Amino acid sequence: MQFGYFNDADKEYVITSPKTPYPWINYLGSDGFFSLISNTAGGYSFYKDVKLRRITRFRYNNVPLDLGGGRYYYICDGDDFWSPGWAPAKKELSFYECRHGMGYTKIKGARNGVSAEVTYFVPLNENAEIHKVTLKNDTKSIKKIRLFSFIEWCLWNAQDDSTNFQRNFSTGAVEIEGSVIYHKTEYKERRDHYAFFGVNAPISGFDSDRESFIGTYGGFEAPEAVVRGESGNSIANGWSPCASHCVDVELAPGEEKTLVFVLGYIENEHDKKWAYQTGTLSEANKGDTTSPKPVSQIAAGALVQSYSAPNGENVIDKTKAYAMLKKYATTEAVDKAFNELKEYWNTLLSKYSCKTPEEKTDRMVNIWNQYQCMVTFNLSRSASYFESGIGRGMGFRDSNQDLLGFVHQIPDRARERIIDLASTQLEDGGAYHQYQPLTKKGNDEIGGNFNDDPLWLVLAVVAYIKETGDYSILDVPTPFDNKPETATPLSDHLKRSIDHVINNLGPHALPLIGRADWNDCLNLNCFSTESGESFQTTTSKDGRVAESVMIAGMFAYIGEEYAELMRKTGNTAEADRVDAEVEKMRAAIMKDGYDGEWFLRAYDDFGKKVGSKENEEGKIFIESQGFCILGKCGIEDGKALKALDSCDKYLGTKYGLVLNNPGFTHYYVEYGEISTYPCGYKENAGIFCHNNAWIMIAEAVMKRGDKAFDYYTRIAPAYTEEYSEVHRLEPYCYAQMVAGKDAKRFGEAKNSWLTGTASWNFVAISQYILGIKPDYDGIEIDPSIPASWDGYTVTREFRGATYNITVKNPAHVQAGVKSLTVDGKAVDGNVIPAFTDNGVHTVEAVLG
Ligand code: BGC
Ligand code: NOJ
């Protein structure tokens, strides 16, 4: 069952029913100001740090109902009122549509002859969310409408806002000036920032106190002011400040009118905070202390009346807000900013595009998968309908892996991200598991010892250099633990990452797992028996026994990549040294890490096998299969293929591959969090979409294109669209997890948007299945596709040049380039040289 459709021409997903199985959201913003917006206009906004600079309020646990808060509009038409996004008023609409596009969302509703379309977006380089509201009268008589807007301010620190009521309920402060409501809570004290919500038209009333607008026992569905048809003109003083305008709109038959609402965020210089300040502080104030600005000088539309802070109160210097309001005071200016945003996305997405026999693949590759990679770059794991934004910092391994999906779009920012990440690394090569985006410092509360972490940094740097050819990044002086005096070239960080593995081997010469590897929930040194203890921070054992076959596979793969990079930079001795270590690791894997039909997962703290046929539950795990094959283990002797067949047999389901099988039915103290989840959810035998990509890649490496693509389609969102009632989440972005075959709700997805699934699936489809792989000296063409395909085309921008690549498959094989031409000339092998001419080049590859 579908709840909408893809509109590829405009890069939109069009939702046609407000009652999607779960709120389906989109993201606005690409730099400082960000917003989450659902298909019924729920969600919230923040500036840079979703915990500390939350602008609007949201109640997380309400999420499936999507009434946690939003940017809501109510249209009063006679005795009737309704919302264009259906929620929150929830009145039946004669028309409803939500178009989620690239960085914008358009919601349109109609009822009783009136239609309202709201376009929400954050203009490029602007700390503001624009709501362009167009009202139209489709009847033959005059319509007199009252439009109410509504947002609720968060008292800045989202965590404090949702817990510390004894203080917060006495702090809320606002100013109202003309058609603009200013949120200046705590501005008087240590904050130099404020937010505002304004409209480019006269208002006939307003509310800034939530209780006055909604009523003490009312709700968003029917705020008392809306029911009454009259604002309360309330000025918040403590409690919960909000911002609501009331605008009277008269529409002749067929007439249409547009209003522009601006939700802005402003930072003032500390010594220029005030337009007018009372009390002793005014002496010291270097700002304009003469008087509050007369309302007539204010730019936001024709102004009705000033409710500005009366004499005796401090008045914000609003110069920057006026400028912002002025900039977006007309529909033309707003449309221009909107078009610039569209252009920005068109440019970003044009770096890789394909035309294959599969429309659904094309829309994932060309639009949604790359878009999700960018959203994940911007937000890491901080803010979604499954991440509250008060939970965690930026993951070290997460951010390094995310980079694999966006490096081709924004290489400069990838470079910066790499240096930020490496600067939090520890001198022994280990890493803080997370860092805080505002301070860019490692997070002490979580600490380190996740022994896979350092290797992901190497992989990210390799990907960056292959994409850009910029080896100079290796020389950038980069500190450890953000201590400037420890700075050393980035290349030294990579060496220490590699050595961190070599220096931490266990009894089988396999890497020690530490607190956990990629699987945060396989906690082999934790032994937690206290309820409420965090598995992510608890470690009871010193951990010199438990080993990870996954890290071993990662080392075989990433160690070899590192050695190749060293060889490229002329450091042959280092390359040889690490190549030898990689060989030793492969031998250790084949000796003690293979279990007959698949790769083992680990050894626990008792030295017992994990992920073995000898275990009663959790006999086989997915992670080590993917990475040991990427690490070239068991390729020649058939063991790799056997392992892949076992994945198919034991892990495969119609909705994707489960993480382990059979799931754990009780708590294993020696395994940790993995066994806390009911069978079939999350790391306990859920379908973890992230590592499904590793199996696609392994299949592609083994030249089984049919299988690789089959796995791709089982989890690619566009393919889930037709069974949305089971899957429940957005059919345009990946979810982290889909309930596995052991689960009661098999096929139901959770945790959409912010997941490494996006980048790894993009790597799988773009580099391994379609086989267009950036390399140090050019682009390698190495497809692994379904035999049934006749071919496909890819346009790839690479180091300034554009490659129009046609792959032909006349013999209907699954892999293997038989011939390759570039600009009509035959090329030996399957690597197209990197051109430095910024030109356009035609490439033709024939498989066979
Ligand atoms: C989840 C993991 C997550 C970890 C750290 C666990 O509860 O299952 O997926 O990585 O928490 O946040
Ligand atoms: C989510 C975390 O963000 C990621 O780092 C981890 O690898 C997976 N969960 C699997 O546990």
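Small disclaimer: the values here were computed from a predicted structure and weren't measured. Atoms within each ligand, like the ligands themselves, are counted from 1 in listed order.
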- Message: Taking the cut-offs as 6.0 angstrom to the six-membered ring centre and 45 degrees off its axis, would you call K707 and Y711 a cation-pi pair?
- Response: yes
- Item | Under 4.0 Å from ligand 1, counting heavy atoms only: the protein residues, by chain and number | R392, D520, C521, Q536, E673, Y677, K682, E683, Q736
- Note on the structure: Nearest heavy-atom contact between F606 and E670 is CE1-CB, 3.8 Å
- Top protein contact for atom 3 (O) of ligand 2, by heavy-atom distance: D398 OD2, 2.9 Å
- Note on the structure: Ranked by distance from atom 10 (C) of ligand 2, the top protein heavy atom is E683 OE2, 3.2 Å
- Residues, nucleotides or ligands: over 12 heavy atoms within 6.0 Å of E445 CD: no
- Are a donor atom and an acceptor atom from the side chains of N523 and E673 found within less than 3.5 Å of each other? no
- Message: Using every non-hydrogen atom in the two residues, find where T376 and A758 come nearest and quote the distance to one decimal.
- Response: OG1-CB, 4.2 Å
- Here the atoms of ligand 2 under 4.0 Å from any heavy atom belonging to N519 are 11 (O)
- Query: Does any donor atom in the side chain of S646 or Q625 lie under 3.5 Å from an acceptor atom in the other side chain?
  - Reply: no
- Can you tell me the protein heavy atom closest to atom 7 (O) of ligand 2 and the distance? W518 O, 2.5 Å
- May I ask you to check whether over 12 heavy atoms, not counting those of R745, lie within 6.0 Å of atom CZ? no
- Item | Smallest separation among heavy atoms of C526 and T538, with atom names | SG-O, 3.4 Å
- Out of curiosity, is Q736 lining ligand 2, as in a heavy atom under 4.0 Å away? yes
- Closest protein heavy atom (residue, atom, distance) for atom 2 (C) of ligand 2: D520 OD2, 3.4 Å
- Item | salt bridge (Lys or Arg N to Asp or Glu O under 4.0 Å) involving D499 - partner list, sequence neighbours excluded | K495, R577
